[in-house]
Amino acid sequence: MPQPSLKLNETTFTVRDYDLAATLGCGQAFRWELRQGRWHGVVGGISLELWQAEETIFVRSAAPQTTWNWLADYLQVHADLAAITDTFPKEAPMRRAVAACRGLRLLRQEPWECLASFILSSTKQIVQIRQIIARLCERHGHPMTVRPGEAAAFAFPTPVQVAALSEAQLRDCKMGFRAPYLRQTAQMILANEVNLDDLRRLDLPSARASLLGFPGVGPKIADCVLLFAYGFPTAFPVDVWVMKALRRSYFQNRRVPLAQLRYFAASHFGPYAGYAQQYLFHSLRRSEGKKLSP
DNA sequence: TACCAGGAGAGCG
DNA sequence: CGCTCTCATGGT
């Protein structure tokens, strides 16, 4: 029998070195919206509301839960951030980047949503990626249970749902030339050509090779999925921002071939290079005055 | 108005 | 292999 006194749709996490706003707003995930001081989003098919006060993260969900382990994993609240940043190279550029976004965590996202989202990310600004994904979810995702008075929320469309859409329907979500990539990727998953859950048990090169088999997935997007969904700590996505940060801090601002930057990154930043990458990315975007959260 | 965006793929020599 | 061009759309 349910016990009415238990608040099964609320919990809290006690955290140290955690900046929820930086973590949810830094461009690793695209569905979190800040409304009246609280972050609204969907994890594991559950509509959530998160906010932080000092060392506590408050959680409210639309549906009651028997465990919150899945959310602790997504938010990576138990990761030892100090131990991670201690592995970074002891040098001025990394110290500055860490100081500029202390408390930023890498999330552990769901593979399909992460893969699909980054297929839609290529040569798009983060604000536009958010818009495309929001439209895709509103039009084609399953409507979710929300708390009374809350705005409507939608699940991220499943591979089955995306595979059933026409290219024109996807293009109506403003994803442009990425539409056939997303559609074909969904169809490949539906046909079980690649099982995203199986990638969890592979080593980094094997998992990367599998991801590169999807249309619209090259080295950069593959590394994003390896880092943000599968948690491979050395995956190191190099986009235009990271490229600029690396050139500025390590190559006297000279133009450097992409392959050379990747080689440098793989040999220089240590066992949590992917974390280092996100600090370089976010600190540069912050210093350039980007609007990082809505 | 130009230029650019968390790139990838195809065509070329 | 490395280079260049194209792809679609909207922010700045």
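Numbers restart at 1 for each chain; the letters A, B, ... are given by sequence-line order, proteins then strands.
Near-neighbour residues of DNA chain C inside residues 164-195 of chain A, defined by a heavy atom below 4.0 Å, number-ordered: Arg171(A), Lys174(A), Gly176(A), Phe177(A), Arg178(A). Contact check of residues 94-122 of chain A against DNA chain B (heavy atom, cut-off under 4.0 Å) returns Ser121(A), Ser122(A). Less than 4.0 Å separates DNA chain B from no heavy atom of any residue of residues 256-269 of chain A. If you check residues 207-225 of chain A against DNA chain B, the residues with a heavy atom closer than 4.0 Å are Phe214(A), Pro215(A), Gly216(A), Val217(A), Gly218(A), Pro219(A), Lys220(A), Ile221(A), listed by number.
Applying the side-chain hydrogen bond (donor to acceptor under 3.5 Å, both in side chains) rule to Thr67(A) yields the partners Asn69(A); only residues at least two apart in sequence or on another chain are considered. For Arg201(A), the side-chain hydrogen bond (donor to acceptor under 3.5 Å, both in side chains) criterion is met by Asp198(A), not counting sequence neighbours. For Arg35(A), the side-chain hydrogen bond (donor to acceptor under 3.5 Å, both in side chains) partners two or more places apart in sequence, or in a different chain, are Glu33(A), His40(A). Shown here are the side-chain contact (heavy atoms from CB on, under 4.5 Å) partners of Ala82(A), two or more places apart in sequence or in another chain: Asp17(A), Asp80(A). Scanning for salt bridge (charged side-chain N to carboxylate O under 4.0 Å, His left out) contacts around Arg247(A) gives an empty result, with sequence neighbours left out. Residues meeting the side-chain hydrogen bond (donor to acceptor under 3.5 Å, both in side chains) test with Gln187(A), sequence neighbours left out: none.
Glu150(A) has no carboxylate O lying under 4.0 Å from a charged side-chain N of Arg38(A), or vice versa, which leaves the two without a salt bridge. Comment: Asp223(A) engages Arg208(A) in a salt bridge, judged by a side-chain N to carboxylate O separation of less than 4.0 angstrom.
Residue pairs meeting the ring pair (Phe, Tyr, Trp, His ring centres under 6.0 Å) criterion with at least one partner in residues 196-233 of chain A, sequence neighbours excluded, are Phe118(A)-Phe228(A).
If you take CG of Leu136(A) and C1' of dT9(C), they are 16 Å apart, rounded to a whole angstrom. Taking atom CZ of Arg255(A) as the reference point, atom P of dG2(C) lies 13 Å away to the nearest angstrom. One interatomic measurement links the two molecules: CD of Glu288(A) to C1' of dG6(B), which rounds to 15 Å at whole-angstrom precision. Computed from coordinates, the Tyr279(A) OH to dG6(B) C1' distance equals 18 Å when rounded to whole Å. Straight-line distance from the CD atom of Gln125(A) to the P atom of dT12(C): 6 Å, rounded to whole Å. Distance Lys124(A) NZ to dC7(C) C1': 11 Å, rounded to the nearest Å. At whole-Å resolution of the value, CH2 in Trp241(A) and C1' in dG7(B) are 16 Å apart. Note: CD1 (Ile126(A)) to C1' (dG11(C)) measures 13 Å, nearest angstrom.
Remark: side-chain polar atoms of Ser249(A) are not paired, donor with acceptor, to backbone N or O of Leu246(A) under 3.5 angstrom.
Across dC4(B) and dC5(C), the matching P atoms stand 15 Å from one another, rounded to whole Å. Look at the P atom in both dC3(B) and dT6(C): the space between them is 15 Å, to the nearest Å. Nucleotides dG9(B) and dG10(C) place their P atoms 23 Å apart, quoted to the nearest Å. Distance check on atom P: dG11(C) versus dA8(B) gives 23 Å, rounded to whole Å.
In this pair, Phe269(A) and Phe236(A) present their aromatic rings parallel. The plane angle is below 30°, not in the 30 to 60° band.
Distance check: Leu48(A) CG to Leu71(A) CG gives 5.5 Å after rounding to the nearest 0.5 Å.
Contact annotation: side chain of Gln131(A) to base of dG11(C), donor-acceptor pair absent below 3.5 Å. A donor-acceptor contact under 3.5 angstrom links the side-chain atoms of Gln277(A) to the base of dG6(B).
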Could you list the donor-acceptor pairs under 3.5 angstrom formed by side chains in residues 258-266 of chain A, with sequence neighbours left out?
none

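Under the 4.5 Å side-chain heavy-atom criterion for ILVMFWY residues, a single connected hydrophobic cluster contains both Phe177(A) and Val217(A).
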